[in-house]
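Report on one structure; see the data block that follows.
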Amino acid sequence: MRTFLLTLAAVVTAAGAPAYAADVADVIYADKSFEDRWNWTGAQVGVQAGYGWVKDRTNAPDPAFCFPGPDVCAASGNDDVYGLFAGYNHQFANFVIGAEVSYTHHDSLFNDISTVAMHDTTVVAARVGYAIDRVLAYGFVGGVYGRTSASALPSPPFAPNMATKNWAGNDWGLAYGFGVDVAVTENIFVGLRYERQEYKNFNNLNIDAWSNAGLMRVGYKF
């Protein structure tokens, strides 16, 4: 009886080993297949939101337009930011290159007498990154078109020259930064991004401006 049981156990073990090995092979193949399928190549769209800080400085000081304080001809502001983005990436080996356009609503009011706010920005940028499996770290650089708005301009005699100047204007600047995206499914990814924008002589007003934003992003890759 003991010999029979030992023989039966050996037969069952021998018969089950190939099946178990096949199961393991299937799992390994499936995982490998998933990683092989994942690729950053393709179009993508998404939404972004975060917080932004803006600052400007007048290069041709005029006491009528400067806010009293240690930095008398500078102003700053901050507020929530949100917007949309779309782009295309191409991956070869671990390297990823691409292009992206994004729109961000700022509405950050400067803390001076101008009542001017950074209204919104549109960035067109090139991206270069390095991917490890489903994680992509990248940097970007490009141009930004910034728009300002003014809710109400002071009138004389408080600021007699301001009524004749276009203090709410639009201009191009430089945009750059870096970010990290992580794929959570075969089509959806999330990410974090830092974006810096710089403007020289904004709208020919002898004003330089800077903007910084930290953004969270959710995107869909086609």
Side-chain angles (χ1 to χ4, degrees), residues 40 42-57 71 74-89 96-112 114-151 168-200 202-203 207-222:
W40 287 98
Q44 60 184 34
V45 296
V47 296
Q48 58 185 17
Y51 206 77
W53 300 262
V54 294
K55 184 176 182 179
D56 70 6
R57 180 171 180 82
D71 198 358
S76 60
N78 54 83
D79 207 341
D80 298 330
V81 297
Y82 55 89
L84 307 169
F85 66 89
Y88 185 88
N89 289 323
V96 180
I97 59 174
E100 181 183 288
V101 58
S102 63
Y103 168 83
T104 306
H105 181 80
H106 291 258
D107 205 22
S108 300
L109 180 66
F110 288 101
N111 62 350
D112 58 5
S114 68
T115 74
V116 171
M118 176 60 76
H119 184 68
D120 56 25
T121 60
T122 301
V123 174
V124 180
R127 300 174 19 140
V128 177
Y130 189 86
I132 301 177
D133 296 331
R134 291 176 289 163
V135 178
L136 170 63
Y138 65 90
F140 66 93
V141 62
V144 55
Y145 188 70
R147 298 197 309 158
T148 60
S149 60
S151 57
N170 316 318
D171 206 352
W172 284 93
L174 174 68
Y176 57 92
F178 56 87
V180 177
D181 289 338
V182 180
V184 293
T185 72
E186 290 191 38
N187 297 102
I188 298 175
F189 63 91
V190 298
L192 296 174
R193 175 179 176 123
Y194 165 75
E195 185 170 294
R196 167 88 169 180
Q197 301 172 3
E198 299 180 358
Y199 303 87
K200 295 294 184 181
F202 187 88
N203 198 32
I207 295 174
D208 294 341
W210 304 266
S211 171
N212 298 278
L215 300 164
M216 297 181 62
R217 313 177 106 201
V218 179
Y220 185 92
K221 183 182 77 70
F222 295 91

>> According to salt bridge (charged side-chain N to carboxylate O under 4.0 Å, His left out), does anything in residues 137-147 pair up with another residue at least two apart or in another chain? List the pairs.
In response: Asp120-Arg147
> When rounded to the nearest 0.5 angstrom, what is the spacing between NE2 in His105 and CG in Leu84?
Replying inline: 12.0 Å
> With sequence neighbours left out, which residue pairs that include part of residues 174-185 fulfil the salt bridge (charged side-chain N to carboxylate O under 4.0 Å, His left out) condition?
Replying inline: Arg127-Asp181
> For the residue pair Thr121 and Gly146, what are the closest heavy atoms and their distance?
Replying inline: CG2-CA, 4.1 Å
>> Side chains of Val123 and Thr104, heavy atoms from C-beta outward: is any pair under 4.5 Å?
In response: no
>> If you compare all heavy atoms of Phe85 against all heavy atoms of Ser102, which two are closest, and at what distance to 0.1 Å?
In response: CB-CB, 3.8 Å
> Does Tyr199 have any ring-ring contact (aromatic ring centres under 6.0 Å, His included) partners at least two apart in sequence or in another chain, and if so, which?
Replying inline: Phe202
> How far apart are the closest heavy atoms of Ala131 and Val96, and which atoms are they?
Replying inline: CB-CG2, 4.1 Å
> Which is it for Val141 and Val128 under the side-chain contact (heavy atoms from CB on, under 4.5 Å) test, yes or no, and what are the steps along the way?
Replying inline: CA-CA 9 Å; Val141 62; Val128 177; over 6 Å; no
>> Between Asn111 and Gly77 (side chain of the first, backbone of the second, donor and acceptor by atom type, cut-off under 3.5 Å), is there such a pair?
In response: no
>> If the condition is side-chain hydrogen bond (donor to acceptor under 3.5 Å, both in side chains), which residues does Tyr130 pass it with, not counting sequence neighbours?
In response: none
> Where do Val144 and Ala175 come nearest, in terms of heavy atoms and distance?
Replying inline: CB-CB, 3.9 Å
> Who are the side-chain hydrogen bond (donor to acceptor under 3.5 Å, both in side chains) partners of Asp79, not counting sequence neighbours?
Replying inline: none
> Taking Thr148 for the side chain and Gly169 for the main chain, is one N or O donor matched with an acceptor at less than 3.5 Å?
Replying inline: yes
> How far does CE of Met216 sit from CD of Gln48, to the nearest 0.5 angstrom?
Replying inline: 12.0 Å
>> Among Asn212, Asn78, Asp80, exactly one meets side-chain hydrogen bond (donor to acceptor under 3.5 Å, both in side chains) together with Tyr51. Which residue is that?
In response: Asn78
>> Test of understanding: with side-chain hydrogen bond (donor to acceptor under 3.5 Å, both in side chains), list the residues that count as partners of Tyr82, not counting sequence neighbours.
In response: none
> Mind checking whether Glu198 and Tyr176 have side chains closer than 4.5 Å, heavy atoms only?
Replying inline: yes
> At what distance, to the nearest 0.5 angstrom, does CG of Leu109 lie from OG of Ser149?
Replying inline: 8.5 Å
>> Please give me the minimum heavy-atom distance between Ala43 and Tyr88, naming the atom from each residue.
In response: N-CD1, 3.4 Å
> Between Glu100 and Arg217, is the closest basic N to carboxylate O distance under 4.0 Å?
Replying inline: yes
> Between Tyr194 and Phe178, how do the two ring planes meet: parallel, tilted or perpendicular, split at 30° and 60°?
Replying inline: tilted
> Going by heavy atoms in the side chains, are Leu192 and Val180 under 4.5 Å from each other?
Replying inline: no
>> Set out, in order, the CA-CA distance, both residues' side-chain angles and the distance that settles side-chain contact (heavy atoms from CB on, under 4.5 Å) for Phe222 and Val45, then state yes or no.
In response: CA-CA 8 Å; Phe222 295 91; Val45 296; 3.9 Å; yes
> Atom OH of Tyr138 and atom CZ of Arg193: how far apart are they, to the nearest 0.5 Å?
Replying inline: 4.0 Å
>> Minimum heavy-atom separation for Ser108 and Val54, please, with both atom names.
In response: CB-CG2, 3.7 Å
> Met118 versus Asp56: any side-chain heavy-atom pair under 4.5 Å?
Replying inline: no
> Going from CH2 on Trp210 to CZ on Arg57, what distance comes out if it is rounded to the nearest 0.5 angstrom?
Replying inline: 7.5 Å
>> Can a donor-acceptor pair be found, under 3.5 Å and without considering hydrogens, that links the side chain of Asn187 to the backbone of Tyr220?
In response: no
